[in-house]
> 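Pasting a structure here, questions to come.
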Amino acid sequence: MKKILLLLTVLSVSAGAALAQQTIVTYTPDGVKTYDTAEPPSEVLDTTRFVVSYRMLYERRPENERPMEDLLLLQVGRNMTKFYSYKTWQTDSLVRVTPPEQVLANLGSFHGGVQDVLFRDQAAGRLVHTDQIGMDHLLYTEPLPAIDWELADGERTILGYACRRALCTFRGRNYEAWYTPEIAVSGGPWKFGGLPGLILAVRDDAGVLELEATGMEQRVNPIRMTDRNYIKTNRKKYLDLKQKVMTDPVGYLTGNSNVRMTIKNEDGTPVNPGDLLRGYNPIELE
């Protein structure tokens with residue numbers, strides 16, 4: 001049964017600015033989502049040379065009949081790449097030009113994708129991962145993952161580029177990747193990189209995650225990082241927190257704030273918060 005609940009609407013003031021903005025906090029069966037009605041400031045980190053779009057299929061909820069589908073963009077600069085959801089960016093942009101009362105009345109029209117944003121800084125040898133969990137914005141930094149790739153037999157063509165096959169085990173999952181030596185960028189979607197060419201497709205052998213390039217375009221745009229009051233953490237603490245909010249979002253929200261709520265079905269009947277516990281397939285198992 002589909003359940004949609006508005007938890008609260010709060011009025012906040014952006015740090016360092018006199019402009020007040022509303023933050024709309026909602027709950028759907030897939031978790032807690034917040035929407036800012038004003039665009040936050042950002043910092044320019046690099047400039048794109050080209051952008052690659054990837055179709056993602058992610059079995060995030062094992063009980064769902066269909067995987068989560070998203071469209072993600074990889075901005076490739078000279079020193080840095082940025083990987084983020086185009087659907088989330090598009091939804092956030094739409095919310096900022098829509099009156100809050102219309103957003104509240106049409107929550108089903110404002111569905112984005114994943115909240116994660118990953119910055120791969122090749123020169124500094126580090127990866128920066130940001131995410132939004134409830135009303136909190138989290139950030140952790142780790143060294144660029146050292147993935148032990150095995151170059152394997154196999155050839156295929158993706159977007160007109162001749163690709164070669166590679167295999168690896170990374171943080172608890174076994175992956176097959178296809179990379180093209182024709183594009184001399186040692187990177188790819190999500191945290192994947194370290195091959196002699198751009199990774200255009202990757203999937204794990206359990207069928208949880210699949211990413212494949214659907215388009216590529218030369219483009220000169222700024223690579224921006226949103227300026228937030230980030231909560232600094234580390235990868236392990238972040239994964240533990242993500243597990244909590246994905247499996248018990250109501251428990252997370254009430255346990256980490258002064259929020260009190262009454263949960264109801266669409267017909268107005270009350271819902272036991274325990275009935276909202278969900279399954280979750282994290283990409284990283286270790």
Side-chain angles (χ1 to χ4, degrees), residues 9-26 31-54 56 70-98 100 103 110-124 126-142 144 187 189-191 219-235 237-239 241-242 245-246 252-253 256-257 283:
T9 302
V10 299
L11 187 67
S12 61
V13 179
S14 300
L19 177 64
Q21 70 176 19
Q22 286 182 315
T23 301
I24 302 169
V25 185
T26 66
V32 177
K33 177 71 175 75
T34 68
Y35 302 94
D36 292 332
T37 58
E39 184 173 2
S42 61
E43 176 186 1
V44 176
L45 304 180
D46 201 351
T47 302
T48 61
R49 297 160 52 200
F50 59 93
V51 177
V52 187
S53 60
Y54 291 84
M56 180 186 77
D70 202 352
L71 177 66
L72 297 111
L73 300 183
L74 180 69
Q75 292 182 306
V76 180
R78 297 202 174 275
N79 300 306
M80 181 170 294
T81 66
K82 176 182 176 180
F83 188 62
Y84 64 101
S85 167
Y86 176 76
K87 288 176 66 175
T88 296
W89 175 87
Q90 190 177 45
T91 299
D92 289 345
S93 299
L94 182 60
V95 166
R96 290 165 190 153
V97 297
T98 304
V103 176
F110 296 91
H111 286 308
V114 295
Q115 300 294 310
D116 310 57
V117 182
L118 289 90
F119 299 88
R120 184 182 180 90
D121 189 337
Q122 196 71 33
R126 67 178 183 178
L127 186 143
V128 178
H129 186 164
T130 70
D131 196 0
Q132 180 178 342
I133 297 182
M135 295 183 68
D136 296 328
H137 297 273
L138 289 91
L139 179 151
Y140 72 86
T141 302
E142 63 174 318
L144 288 181
W190 193 56
K191 295 185 178 183
R219 193 185 301 173
V220 179
N221 289 124
I223 297 178
R224 297 181 179 274
M225 181 175 182
T226 304
D227 186 7
R228 300 277 192 183
N229 185 23
Y230 290 106
I231 298 172
K232 302 292 181 64
T233 186
N234 58 50
R235 189 175 71 89
K237 290 181 179 179
Y238 163 78
L239 293 177
L241 189 61
K242 188 79 170 182
V245 75
M246 291 299 292
Y252 167 81
L253 191 62
N256 289 272
S257 68
I283 297 175

> Considering only heavy atoms from C-beta outward, does the side chain of D121 approach that of V128 to under 4.5 Å?
no

> Are the side chains of L45 and Q75 in touch, meaning some heavy atoms are under 4.5 Å apart?
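The answer is no, as the side chains (C-beta and beyond) never meet within the 4.5 Å cut-off.
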
> Between S85 and G113, what is the shortest heavy-atom contact and its length?
OG-CA, 3.7 Å

> Determine whether D227 and S42 make a side-chain contact, defined as any pair of heavy atoms from C-beta on separated by less than 4.5 Å.
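SC-SC contact between D227 and S42 ruled out.
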
> Between W190, F83, Y86, which is the residue that forms a side chain to side chain contact (heavy atoms under 4.5 Å, CB included) with Y54?
F83

> Is T47 close to R78 at the side-chain level, that is, under 4.5 Å between some pair of heavy atoms?
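No - every pair of side-chain heavy atoms lies 4.5 Å or more apart.
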
> For the pair H129 and Y140, name the ring-plane relationship: parallel under 30°, tilted 30 to 60°, perpendicular over 60°.
tilted

> Can you list the residues that meet the ring-ring contact (aromatic ring centres under 6.0 Å, His included) rule with F119, with sequence neighbours excluded?
none

> For V76 versus I223, what's the shortest heavy-atom pair and its separation?
C-CD1, 4.4 Å

> Could you grab the distance from atom CZ of R224 to atom CD of E43, nearest 0.5 Å is fine?
10.5 Å

> Tell me every residue that passes side chain to side chain contact (heavy atoms under 4.5 Å, CB included) with T226, counting only those two or more places apart in sequence or in another chain.
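Side chain to side chain contact (heavy atoms under 4.5 Å, CB included) check on T226 returns P40, R228, Y230.
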
> Counting N and O atoms only, with roles assigned by atom type, does the side chain of K82 sit under 3.5 Å from a partner on the main chain of V117, one being a donor and the other an acceptor?
no

> Are any non-hydrogen side-chain atoms of T130 and H137 less than 4.5 angstrom apart?
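Not in contact.
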
> How long is the straight-line distance from CG of L239 back to CE of M246, given to the nearest 0.5 Å?
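Nearest 0.5 Å value for the CE-CG distance: 12.5 Å.
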
> Decide yes or no for V114 and L72: does some side-chain heavy atom of the first lie under 4.5 Å from some side-chain heavy atom of the second?
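Yes, at least one pair of side-chain atoms sits under 4.5 Å.
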
> Restricting to non-hydrogen atoms, name the atom on M80 and the atom on D46 that form the minimum distance, rounded to 0.1 Å.
N-OD2, 3.1 Å

> Counting only heavy atoms not in R235, do more than 12 sit closer than 6.0 Å to its CZ atom?
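Counting neighbours around CZ of R235, more than 12 heavy atoms of other residues, nucleotides or ligands fall under 6.0 Å, so yes.
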
> Looking at D131 and Q115, what are the two nearest heavy atoms and their distance?
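Shortest heavy-atom contact: OD1-CB, 3.0 Å.
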
> Nearest 0.5 Å, please: how far is OG1 in T233 from CG in L138?
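Separation between the atoms: 6.0 Å.
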
> In Å and rounded to the nearest 0.5 Å, what is the NZ to OG1 distance from K232 to T141?
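Answer rounded to 0.5 Å: 7.0 Å.
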
> I need the minimum non-hydrogen distance between K191 and L127, along with the two atoms involved.
CG-CD1, 3.9 Å

> State the CG-CZ distance between L144 and R120, to the nearest 0.5 angstrom.
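Separation between the atoms: 4.5 Å.
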
> Side chains of K242 and D116, heavy atoms from C-beta outward: is any pair under 4.5 Å?
yes

